[in-house]
Amino acid sequence: MGLKYMSSDGKALIYRNNGETLRIEPWGKDSLRVRSVMMGEFITENYALLPREAEEGAEIVTAADPGAALHNVGGDPGSEAAEDIRFGSITNGKIRAEMYVDTWRNDAVISFFNSSTGELLFKEEGPGGALNKHSRCFKPRVGGDFELTVSFRAREKEHLYGMGQYQQELLDIKGCTLELAHRNSQASVPFVLSDAGYGFLWNNPSVGHVSFGRNVTQWYASSTPEMDYWITVGDTPDDIERNYSEATGRVPMMPEYGLGFWQCKLRYWNQEELLEIARTYHKKGVRVDVIVCDFYHWPHCGDWRFDPYYFPDPKAMIDELKSYGMELMVSIWPQVNVDSENYKEMVQRGLLMKAEYGIDVVQRCVGENSFYDATNPEARAYVWEKVKKNYYDDGIRVFWLDEAEPEIETYDYENYRYHMGSALKVSNIYPLVYAKTFFDGMTSAGQDKVVNLLRCAWAGSQRYGALVWSGDISSDWETFRRQICAGLNMGIAGIPWWTTDIGGFGGANIYDEKFHELLVRWFEWGTFCPVMRLHGDRDPHTPVKQSDGTPGMGSGASNEIWSYGPAVEEILTSHIMLRERMRDYTRSLMEEAHEVGRPVMRPLFYEFPGDANTWEIKDEYFFGADLLVAPVLSPDARQREVYLPEGASWTEVHTGKTYEGGSTVTADAPLEYIPVFARDGRQAELFA
C-alpha cells in the first residue's frame with residue numbers, strides 16, 4: 001500500500017510529511033488560503049482575514065503523479081492505492097494550486113496557476129536538487145515558535161505594488177527589501193499586487209522582512225507558530241482589490257464630515273485659542289468640517305481626559321463648534337505615564353505592554369510611559385470606558401489615534417510582550433486592534449459611520465474605520481515626492497482612507513517664503529487626497545507653562561490658511577472651495593470604497609491596465625475614475641509633463657483644452673493650480 005502524502009477532507013487539499021501539515025483551502029472568490037504547521041495543530045487566529053464558513057465547490061484532486069491526476073478528475077481522491085499519492089491540486093474559480101512531492105528530497109513544492117488561462121503565476125523555490133533547500137523553512141526558537149522563511153521563484157520582469165507605506169520614492173517595489181515592522185511614518189501592510197494578475201497577502205503579524213529579488217521572493221517572520229498566506233487571481237487590478245477587500249473587510253461609509261477640509265496644528269493648547277480659530281474661519285465663510293485638539297490637552301498620558309485648567313468647559317466648546325458645523329477631533333495616545341491616575345490600576349490588572357527584562361518603561365516623552373495592551377480585550381474595554389465618559393458622552397465623534405505603531409523607544413521587539421504573545425510574534429497587529437478598540441466602542445454606542453485618524457495600519461485595519469496619515473514627515477520637496485508613492489501603495493494594500501500633514505510635519509518656519517511655495521503645492525495636491533487635512537509643527541514655537549508654573553508641552557506657530565499672507569490665503573481658500581464643489585463626487589468615491597473596496601487614490605494602471613506605460617508612472621494618479629491629477633513636485637516649476645493614458649480623451653480642466661490619450665503633453669502649472677485632467681470630460685464642470 002502506498003504512502004498518502006496528499007489527501008482531502010472534502011474542503012481542503014492537505015499534505016502531511018515529516019512533521020509538517022499543510023492545508024490549502026478556498027477563502028473567497030478566486031482565492032486560496034495556505035497554511036503550514038510543524039509538529040502541531042493550526043491556531044485559530046485569522047489575523048487580517050475575516051472568518052469564513054467552509055466553502056463548497058472547489059475541485060480537489062490527489063493522485064500518484066500529474067499524469068494520473070488527469071484521469072482522476074471527479075473520481076475518488078487517492079484511488080491509486082498501490083502507489084504513493086505524491087500529487088494534489090485544488091481549483092477555486094480562477095486560481096489553481098498544484099503540489100508535488102519531490103522524489104529526491106521528499107518535500108512538497110507548490111505552484112500557483114491562473115486556471116482560466118493555464119498560466120503559471122509563481123511557484124515555491126523548491127529544494128534545488130543537491131542544494132537541499134526548503135521552500136518552507138521552520139527554524140525553532142526557544143519556547144515553541146519558529147523563525148520562518150518562505151521562498152518563491154521570482155518573475156524577473158514583474159511589476160509589484162502595495163505593501164503599505166514606506167518612505168521612498170518608489171511605486172513599483174520589485175527589487176526592494178522591506179522591513180515587516182511599523183515605525184513612525186512607516187506602515188507595513190503585507191499585501192502585494194502583481195501585473196501578472198494575482199494578489200498575495202502575508203497573513204502574519206510577526207516582525208520580519210520581505211525581499212522581492214530578481215531571482216527569489218522571500219518572506220521572513222522572526223517568531224511564529226505557523227505559515228499563513230492568502231492568494232487571489234483577477235483579470236484586472238480592480239478584480240484583485242475587490243477580492244482582497246472582501247477577504248479582509250471594507251471601510252465603513254465615510255461620514256459627511258470626512259469629505260471637506262480639516263484644520264489642525266501642533267497645538268491648540270487651551271480652549272479659548274481653539275475656539276477663536278474656529279470663530280475666525282466661520283466669520284470668513286470658509287467651511288471647516290473638522291478642527292483638531294492635539295496632544296497634551298490632558299494632565300498626564302493615560303488620563304484620557306481634558307486638563308480642566310486649560311479646558312474648563314469641554315461640553316460648551318464642543319457645542320459651539322457644532323453650531324459652526326465643525327466636529328472636534330481629539331488626540332488620543334495609547335501611552336500611560338507612570339504618574340497617570342490610571343497607571344497603578346492598569347499595572348495591577350495586567351493591561352499594559354510589558355518588558356521581558358528591566359523596568360516597564362517603553363517610551364520616554366514628557367515622562368516615562370508604557371502602552372496599553374490593545375491586544376488584550378480587557379484593556380480595550382478599559383480604555384474605551386474612560387474615553388466614552390470623558391469625550392464621547394460630551395459629543396466627540398472622531399478621534400485622532402496617534403502613536404499607533406506603537407512608537408516604542410528602541411524597537412527592541414524581543415524585549416516586549418503583549419497579551420497575544422511576544423512583540424516579535426504579534427507587534428504588527430497593534431494598529432489594527434488599537435483601531436478596533438474605538439470602532440467597537442463607537443458602534444456599540446450606536447454610531448454607524450466611523451472614521452478615526454491613525455498613524456499606522458496593518459492589513460484589515462480599514463474595516464475598523466482607520467484613516468491613516470503618513471506620520472511625522474519633514475517639510476521639504478523630497479519628502480513631498482515620497483508621499484505620492486506612499487499614498488498609492490497604501491491604497492493598493494487595502495487602506496483606501498489615507499492622508500498626510502499638508503505641508504509636512506516638521507522643519508518649516510511660517511515666515512519662510514520658500515516654504516510658502518511648498519505649502520501651496522502640497523495643499524493643492526491635498527485637495528485630491530481622500531481626506532484634506534492641514535497640520536504641522538511650525539516654527540517659531542510658543543512656550544507653555546503648566547498650572548503649577550513648570551514648563552509644559554509647547555505650541556507651534558500659527559498654521560491657519562491666513563498664517564502665510566494674503567496671496568497664499570487666496571490660493572488655499574480657492575482649493576477649500578473646490579473641495580466643497582467636489583463633495584458629491586468625493587462622496588461617490590467613498591461609497592465605492594465602502595461597497596466594493598476600491599481605493600480612492602489609484603495608480604494610472606488601476607484604471608488603464610492595458611496601457612503598458614501606465615505601470616511605470618509614479619508621479620500621476622487618479623482621484624476616483626474620472627480625475628487624473630498631476631502634482632507639482634519641484635520648486636519654481638510652472639509647467640510639467642503629463643502622460644494621458646490610451647483609450648480616452650482628456651480635458652485639462654483649467655484651460656478647457658482636450659487631448660487624445662496615448663500621449664505626453666506639457667501642461668501649464670501656475671502657482672494657483674496643478675494640472676488636472678477630466679476623463680472624457682467627466683467632472684470638468686466642477687472647475688468652471
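Predicted model only: the values in this text are computed from it and were never measured.
N337 places a side-chain N or O within 3.5 Å of a backbone atom of D339 that can act as its donor or acceptor partner. For S475 (side chain) and G503 (main-chain N/O), a donor-acceptor pair under 3.5 Å exists by modelled atom type. Between the N342 side chain and the G302 main chain, a donor and an acceptor come within less than 3.5 Å of each other. Between the Y166 side chain and the E179 main chain, a donor and an acceptor come within less than 3.5 Å of each other. E378 places no side-chain N or O within donor-acceptor distance of the main-chain N or O of L351, the cut-off being under 3.5 Å. Of the possible polar contacts, none joining the H209 side chain to the L178 backbone as a donor-acceptor pair under 3.5 Å is found. Looking only at distances, a side-chain donor or acceptor of H182 sits under 3.5 Å from a matching main-chain atom of S188. The closest donor-acceptor contact from the side chain of T224 to the backbone of A221 lies at 3.5 Å or more, if one exists at all. Listed for the D289 side chain is no donor-acceptor partner under 3.5 Å among the backbone atoms of F261. Side-chain N or O atoms of N428 include none that pairs as donor or acceptor with a backbone N or O of W458 at under 3.5 Å.
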| request: Determine, step by step, whether C293 and L328 satisfy the side-chain contact (heavy atoms from CB on, under 4.5 Å) criterion, reporting the C-alpha distance in whole Å, the side-chain angles of both residues, the deciding distance to 0.1 Å, and the verdict. | output: CA-CA 7 Å; C293 186; L328 177 63; 4.0 Å; yes
- Determine, stepwise, if the pair Q363 / E368 fulfils side-chain hydrogen bond (donor to acceptor under 3.5 Å, both in side chains). CA-CA 6 Å; Q363 189 200 59; E368 297 187 333; over 6 Å; no
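Comment: E409 does not engage R364 in a salt bridge, judged by the lack of any side-chain N to carboxylate O separation of less than 4.0 angstrom. Between K388 and E385, none of the side-chain N atoms (NZ, or NE/NH1/NH2) sits under 4.0 Å from a carboxylate O, so this pair counts as no salt bridge. With respect to the salt-bridge test (charged N to carboxylate O, under 4.0 angstrom), the residues E25 and R35 qualify. Electrostatic pairing of D394 and K315 does not count as a salt bridge here, judged by no charged N lying under 4.0 Å from a carboxylate O. Using a 4.0 Å cut-off between charged side-chain N and carboxylate O, K436 and D440 make a salt bridge. Salt-bridge formation is detected for the pair E20/R136: a Lys NZ or Arg NE/NH1/NH2 atom is positioned less than 4.0 Å from an Asp or Glu carboxylate oxygen. A salt bridge is absent between K265 and D294; no separation between the charged side-chain nitrogens and carboxylate oxygens falls under 4.0 Å. In summary, K322 and E327 engage in a salt bridge, as defined by a charged side-chain N under 4.0 Å from a carboxylate O.
Results of the ring pair (Phe, Tyr, Trp, His ring centres under 6.0 Å) test with W469 over W498, W262, W400 single out W400 as the only residue that passes. For the pairing with F191, the ring pair (Phe, Tyr, Trp, His ring centres under 6.0 Å) check across W202, Y244, Y229 returns one residue only, Y244. Of the options V336, D360, I408, N376, a side chain to side chain contact (heavy atoms under 4.5 Å, CB included) to M353 is made by I408 and by none of the others.
At a threshold of 4.5 Å between non-hydrogen side-chain atoms, the residues T500 and W522 count as touching. Between M227 and F146, the closest side-chain pair of non-hydrogen atoms is not below 4.5 Å. Contact of the R455 side chain with the N184 side chain is registered, since non-hydrogen atoms from C-beta on lie closer than 4.5 Å.
Side-chain N/O atoms of D303 and S340 include a donor and acceptor closer than 3.5 Å. Using a 3.5 Å distance cut-off with no hydrogens or angles, the side chains of T479 and D476 do pair a donor with an acceptor. Between S370 and Q335, the side chains place no donor N or O within less than 3.5 Å of an acceptor N or O (distance only, hydrogens not considered). Between the side chains of Q483 and Q165, no donor-acceptor pair is found at a separation under 3.5 Å. In the model, R250 has a side-chain atom that pairs as donor or acceptor with a side-chain atom of S245 under 3.5 Å. Side-chain N/O atoms of Y268 and Q263 include a donor and acceptor closer than 3.5 Å. Defined by atom type and a distance below 3.5 Å, a donor-acceptor pair is present between the side-chain atoms of N46 and R33. Side-chain N/O atoms of D228 and N203 include a donor and acceptor closer than 3.5 Å. In summary, the side chains of Y392 and Q447 do present a donor paired with an acceptor at a separation below 3.5 Å, with no hydrogens or angles considered. The closest side-chain donor-acceptor pair between Q186 and Q167, if any, does not fall under 3.5 angstrom. No donor-acceptor contact under 3.5 angstrom links the side chains of Y220 and S211, judged on distance only.
Nearest heavy-atom pair across L266 and G554 is CD2-O, 4.0 Å.
Rounding to the nearest 0.5 Å gives a distance of 8.5 Å between OG of S422 and CD of E414. To the nearest 0.5 Å, the span separating CG on L49 from OG1 on T248 amounts to 7.5 Å. Atoms OG1 and CD1, on T375 and I429 in that order, are 8.5 Å from each other to the nearest 0.5 Å. The OG atom of S331 sits 5.0 Å away from atom CG of D402, with the distance rounded to the nearest 0.5 Å. In this structure, OH in Y281 is found 5.5 Å from CD in E560, a value given to the nearest 0.5 Å.
Within the structure, every pair that satisfies the ring pair (Phe, Tyr, Trp, His ring centres under 6.0 Å) test and touches residues 401-429, not counting sequence neighbours, is listed here: Y418-Y430.
Between W333 and Y372, the ring center distance fails the sub-6.0 Å criterion. Proximity of the aromatic rings of W269 and Y310 is defined here by a centroid distance below 6.0 angstrom, and this criterion is met. Taking the six-membered ring wherever Trp is involved, the centroid distance between the rings of W384 and Y382 does not fall below 6.0 Å.
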